[in-house]
J.: 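Next up is a structure, given as C-alpha cells.
So you know, we letter chains A, B, ... as the sequences are listed, proteins then strands, and number each from 1.
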There are 2 protein chains.
Amino acid sequence: MEFFKIMPVDDARKRFLESCPRGPLGVEEVALADAFGRILAGDITAPEDLPGFARSTVDGYAVLAADTFGASEGLPAYLRVVDEILMGQDATRALGPGECAVIATGGMLPPNADAAIMVEHTESLAVDEVGVLKPASPGQNVIRRGEDCPAGHLLLAAGRPLRAQELGLLAHAGVVRVPVARQPVCALLTTGDELVDPARVPAPGQIRESNSFTIRALVQEAGGVAHHLGRIPDIAEEIEARLRQAMATADVIMVSGGSSVGTRDLTAELLDKLGRPGILVHGVSLKPGKPTILGVVDGKPVMGLPGHPVSAQVVFGLFARPLLRQLLGLPPWPAYRAAVRARLAKNYASAPGRVDVLRVALTERAGETWAEPVQGKSGLITTLTRADGIVTVPAGTEGLLAGDWVDVELI
Amino acid sequence: MEFFKIMPVDDARKRFLESCPRGPLGVEEVALADAFGRILAGDITAPEDLPGFARSTVDGYAVLAADTFGASEGLPAYLRVVDEILMGQDATRALGPGECAVIATGGMLPPNADAAIMVEHTESLAVDEVGVLKPASPGQNVIRRGEDCPAGHLLLAAGRPLRAQELGLLAHAGVVRVPVARQPVCALLTTGDELVDPARVPAPGQIRESNSFTIRALVQEAGGVAHHLGRIPDIAEEIEARLRQAMATADVIMVSGGSSVGTRDLTAELLDKLGRPGILVHGVSLKPGKPTILGVVDGKPVMGLPGHPVSAQVVFGLFARPLLRQLLGLPPWPAYRAAVRARLAKNYASAPGRVDVLRVALTERAGETWAEPVQGKSGLITTLTRADGIVTVPAGTEGLLAGDWVDVELI
C-alpha cells in the first residue's frame with residue numbers, strides 16, 4: 001500500500017482502469033422495446049436482403065431508363081401509364097418498351113424497371129399518358145434489393161450504444177430480441193456514525209444520509225445499477241462484514257465515506273484487506289476530491305468516494321464513469337465531449353500539477369453565454385444544485401482569467 | 001387550413017407552441033428514489049434549519065476565536081484540550097477560556113465555540129495541550145445552524161429537473177416523497193399499407209414498421225411516455241377511429257405517416273377534423289422534414305411526422321422536444337446547448353431561407369475533431385446509425401465551407 005502518495009489524476013485513472021476487468025461482464029437478451037440506452041453485446045447481421053425488393057425513393061413513375069434518354073422540356077419522352085403500384089403490393093407486371101407505372105415513395109419497382117422519375121419532372125397528358133421532361137439514368141431514384149445491407153452482412157457491431165436510431169434500424173431488420181451487455185452492479189456503502197435515514201429527523205449532531213441518492217442516480221445514468229447496502233457506523237467489524245457481502249453480490253464496490261482522516265484510513269485499510277492487488281491509489285491531485293481511494297480486489301474494482309457530495313460527484317465523473325464504460329465494453333471516452341462554450345466571469349487560480357474542477361452557473365449576457373463560478377463554503381449543500389456544469393482546469397494550467405473561453409460540461 | 005404554405009421553421013414552431021397548453025399537465029407524488037430525471041412540480045421548503053446545528057468544516061479543534069487572536073508560528077496560542085466531539089453526538093459541554101475540543105469535519109460545535117482550527121495549523125504539545133499557530137476569526141471553518149437554508153425557506157423551486165444533485169439535496173432535507181410533473185402521454189400511430197410487424201418477414205412490397213421504436217425512445221428521452229396505437233392501413237375510416245381513440249387517452253397525438261403526397265394530405269385532413277383550431281402548419285422550410293404537420297385540436301397538440309426515419313428524428317428534435325418541455329412546465333430551451341466543436345470536412349450548400357439539418361460522423365485527425373457529412377441515398381436506412389450528431393444550418397446561411405468550425409449536437 002502506498003498510502004498518501006498523492007497521484008496525478010491521469011496516472012491514477014490509468015493505473016486503476018488497467019487493473020480493472022474489460023466488459024461486457026455478461027450478455028443478456030432483452031426485447032427491442034426495452035433495449036434503449038443499453039449496449040449491444042453481439043454483432044447483428046441482416047437476416048435477409050435489406051430492402052427485400054427494389055424500391056422507388058420518389059413519388060412519380062417507374063420506368064425503363066432507356067425510354068427516357070434524350071428527354072427534355074422541349075422534347076419530352078412520351079410514356080404509356082400501364083399500371084399503378086399500390087403500397088405494400090407485389091409488383092409483378094414487367095414494363096414493355098415505352099411503358100411506365102405510377103409509383104409512390106417506397107413502392108416496389110416492376111421486375112424490369114430500373115429507374116423512377118419524380119412527378120415534378122413529368123407532365124400529365126392523359127389518364128394513361130405522361131411526358132417525361134428529364135432523362136433518367138439507370139438506378140436513378142431507386143434502391144436496389146440488398147443495397148442497404150445484403151443478407152448476412154454486418155448491420156451493427158457489438159459494443160455500440162443503442163440510441164433511438166439503432167432501435168429503428170434493428171426493428172427494420174426484424175431483430176426484435178437483442179443481446180446487450182449486463183449492467184454492472186455497484187454495491188454502495190455509506191459510512192458514518194452521524195448518518196440517519198432521510199425519512200428521520202436528525203438529533204443534534206446527526207445528519208441525513210443523502211449521498212446514496214446522488215450516487216445511485218449517477219450510476220444509473222452511466223449504465224449501471226446501484227444497490228445501496230445501507231448506512232454503516234464507523235466500526236471496522238461492521239464495515240468489513242458489509243464489504244464481504246458486497247464482494248459476493250456486486251461487480252463494483254463503492255464506499256461513500258466520512259470525510260475525516262481517521263475514517264478514510266479505516267476505509268482504505270478494510271478495502272485493501274479484501275483481496276489482491278488491493279488499494280492502488282489513495283489520494284489524487286484533484287480539487288475537490290483529493291481523498292479518493294481506488295483499488296482492485298480479486299478482480300473487482302473498489303472505490304472510496306469522498307463524503308462531501310460535491311467531491312463525490314466530481315470523483316464519480318473522473319473515475320467511476322470511465323470505469324463503467326469499460327465494464328460495459330464501451331471504448332474509452334472519445335476525444336470529443338459535448339460542452340457549452342462560455343466565457344468565465346471571474347479569475348480562477350489553480351495550483352499547477354493539480355486538476356481543478358470548477359462548478360459554474362450559466363447565464364446569458366449581451367448574446368454571450370457566461371460561466372459564473374458557484375461559490376460558498378465547502379460544507380454547504382445548497383450550493384450543490386446551483387451549478388449547471390463544470391469546467392475542468394487541467395494539471396498544467398495555473399488558472400483562468402475572467403473573459404477566457406471555457407468548455408462547460410453540463411452536469 | 002392553409003395547406004402547403006411552406007412556413008419557416010421558427011415561425012412554425014412559434015405558432016405551434018403558442019397554441020399548445022403550458023404544463024405541467026398534472027402533479028403526481030413519487031418516492032425520492034424514483035424521481036431521477038423527473039421535473040419538480042411544487043416548491044420545496046426546508047422543513048427545519050439546515051444544518052440543524054453549527055458544524056465544523058475541517059478536521060481539527062473547536063475553539064473560542066478570541067483565544068487565538070495574535071497567535072503565530074513564533075508565538076502560538078496554547079489551549080487545553082478538554083473534550084473530543086464524536087461524530088453524530090450532541091456536543092453539550094461549553095468551552096471555558098483557553099479551552100478547546102477535538103472535532104472532525106461535520107462534527108457538532110460546542111454551544112459557545114465560534115470557530116474551528118485546521119489540525120495543520122496546530123502543534124500537539126501533550127495529550128491535553130495544543131499550540132495554535134494561526135489566529136481564527138469568529139465563524140471561521142464553521143457552518144452556523146440554518147446557514148445552508150433556514151427552516152421554511154425555499155430549497156428548490158417548481159419547474160426544476162431533478163438531477164443527481166437535486167436528489168441529494170432533497171434527501172439531505174428529509175424530502176422523501178416529491179411532487180413531480182405528470183409525464184405527457186404521446187399516442188403514436190404509424191400509417192401505411194406496406195407496414196408489417198417487426199417480428200414478421202415482409203412479403204414483396206412490404207416493409208417492417210420501425211419508426212415507432214425510434215419515436216418511442218425519443219419521447220422517453222424527452223420526459224414523456226409513448227403509447228404505440230399500432231400500424232394502420234391508409235384507410236380514412238380506420239385512421240379516424242384510431243385518432244378518436246388517441247384523443248380520449250393521450251395528451252399528444254403523433255402520426256408517423258407514409259411519405260407519399262396522398263397519404264400526407266389524408267393525415268392532415270383527418271387531424272384537422274378532430275377539433276379546433278386544427279392544423280396550423282402543413283409544410284416547413286426544412287431539409288429533411290419538409291412535410292411536417294403541426295396543429296392543435298381541442299387543446300391537444302397533434303403532429304404529423306414524416307415517414308422517413310431520418311426526417312422523423314429531425315422533426316422530433318425541432319418541434320416535439322420543445323413541445324414536451326412546455327408540457328412538462330420547463331422553460332424553453334436555454335440559449336446554450338451542449339455541442340461538440342468540430343471542423344466540417346466538406347463544403348455544404350444550403351438553400352437560403354431553409355433550415356438544413358446535416359448529419360455528421362465525428363473523427364479525430366491531428367488533434368482536431370472533424371465532422372464528416374453522412375451521405376447516401378435518402379431511402380437507405382443503414383445511414384441512420386452512422387451519424388454521431390447533427391449540424392443545424394440556419395435559414396439565413398447559404399452553406400458552409402470545408403474547414404469551417406461547426407457546433408455538432410450529439411444525437
Side-chain angles (χ1 to χ4, degrees), chain A residues 32 36 51-53 55 57 59 87-91 104-106 108 143 148-149 164-169 171-172 174 176 192-194 198-199 202 204-206 208 210-211 213-214 217-218 220 258-261 309 313 335-336 338-340 362 364 369 377-382 384-385 410, chain B residues 32 36 52-53 55 57 59 87-91 104-106 108 143 148-149 164-169 171-172 174 176 192-194 198-199 202 204-208 210-211 213-214 217-218 220 258-261 309 313 335-336 338-340 362 364 369 377-382 384-385 410:
Chain A
L32 185 57
F36 185 43
F53 53 91
R55 305 176 73 192
T57 63
D59 291 341
M87 290 303 286
Q89 296 299 305
D90 193 358
T105 305
M108 180 174 178
I143 293 177
D148 219 350
C149 192
Q165 49 268 50
E166 277 79 19
L167 300 191
L169 179 61
H172 183 77
V176 291
D193 293 333
E194 74 281 24
Q206 298 181 328
R208 298 190 184 91
S210 60
N211 276 5
F213 288 84
T214 301
L218 293 171
Q220 185 184 328
S259 33
S260 67
V261 177
Q313 192 165 0
Y336 56 82
V340 175
L362 293 169
E364 296 297 311
T369 305
K377 290 183 189 169
S378 79
L380 295 181
I381 190 154
T382 50
L384 244 183
T385 56
L410 298 182
Chain B
L32 185 58
F36 185 43
F53 53 92
R55 305 176 72 192
T57 63
D59 291 340
M87 290 302 287
Q89 297 298 307
D90 192 358
T105 304
M108 180 175 179
I143 294 177
D148 220 350
C149 192
Q165 49 269 49
E166 275 80 19
L167 300 191
L169 179 60
H172 183 77
V176 292
D193 292 333
E194 74 280 24
Q206 298 182 326
I207 59 163
R208 297 189 184 91
S210 61
N211 277 5
F213 288 84
T214 301
L218 294 171
Q220 184 183 329
S259 32
S260 66
V261 177
Q313 192 164 1
Y336 56 81
V340 175
L362 292 169
E364 296 296 311
T369 305
K377 290 184 190 170
S378 81
L380 296 180
I381 189 154
T382 49
L384 244 184
T385 56
L410 299 181

J.: Shorter than 4.5 Å, heavy atoms on both sides: which option in B/Asp90, B/Asn211, B/Asp193, B/Asp148 has the most such pairs with chain A?
T.: B/Asp148
J.: Counting only non-hydrogen atoms closer than 4.5 Å, does A/Thr369 touch chain B with its backbone (N, CA, C, O), its side chain (CB onward), both, or neither?
T.: side chain
J.: Counting only non-hydrogen atoms closer than 4.5 Å, does A/Leu410 touch chain B with its backbone (N, CA, C, O), its side chain (CB onward), both, or neither?
T.: side chain
J.: Heavy-atom pairs under 4.5 Å with chain B - which of A/Pro198, A/Pro204, A/Gly205, A/Gly174 has more of them than the others?
T.: A/Gly205
J.: What part of B/Pro202 gets closer than 4.5 Å to chain A, counting heavy atoms only: side chain, backbone, both or neither?
T.: side chain
J.: With a 4.5 angstrom heavy-atom cut-off, is it the side chain or the backbone of B/Val340 that approaches chain A, or both, or neither?
T.: both
J.: So for A/Phe53, is it side chain, backbone, both, or neither that comes closer than 4.5 Å to the heavy atoms of chain B?
T.: side chain
J.: Taking all non-hydrogen atoms of both residues into account, name the closest pair between B/Gln165 and A/Gln313 and its distance.
T.: OE1-NE2, 3.0 Å
J.: Where do B/Leu167 and A/Ala217 come nearest, in terms of heavy atoms and distance?
T.: CD1-CB, 4.0 Å
J.: Is B/Gln89 close to chain A through its backbone or its side chain, or both, or neither, when contacts mean heavy atoms under 4.5 Å?
T.: backbone
J.: Do you know which two heavy atoms are closest between A/Thr57 and A/Ile143, and how far apart they sit?
T.: CG2-CG1, 3.6 Å
J.: Identify the heavy atoms of B/Ala164 and A/Thr214 that sit nearest to each other, and give their distance.
T.: O-OG1, 3.2 Å
J.: Can you name the nearest heavy-atom pair linking B/Ala104 to B/Met87, along with the distance?
T.: CB-SD, 3.9 Å
J.: Taking all heavy atoms of A/Thr382 and all of B/Cys149, pick out the closest pair and write down the distance.
T.: CG2-CB, 4.1 Å
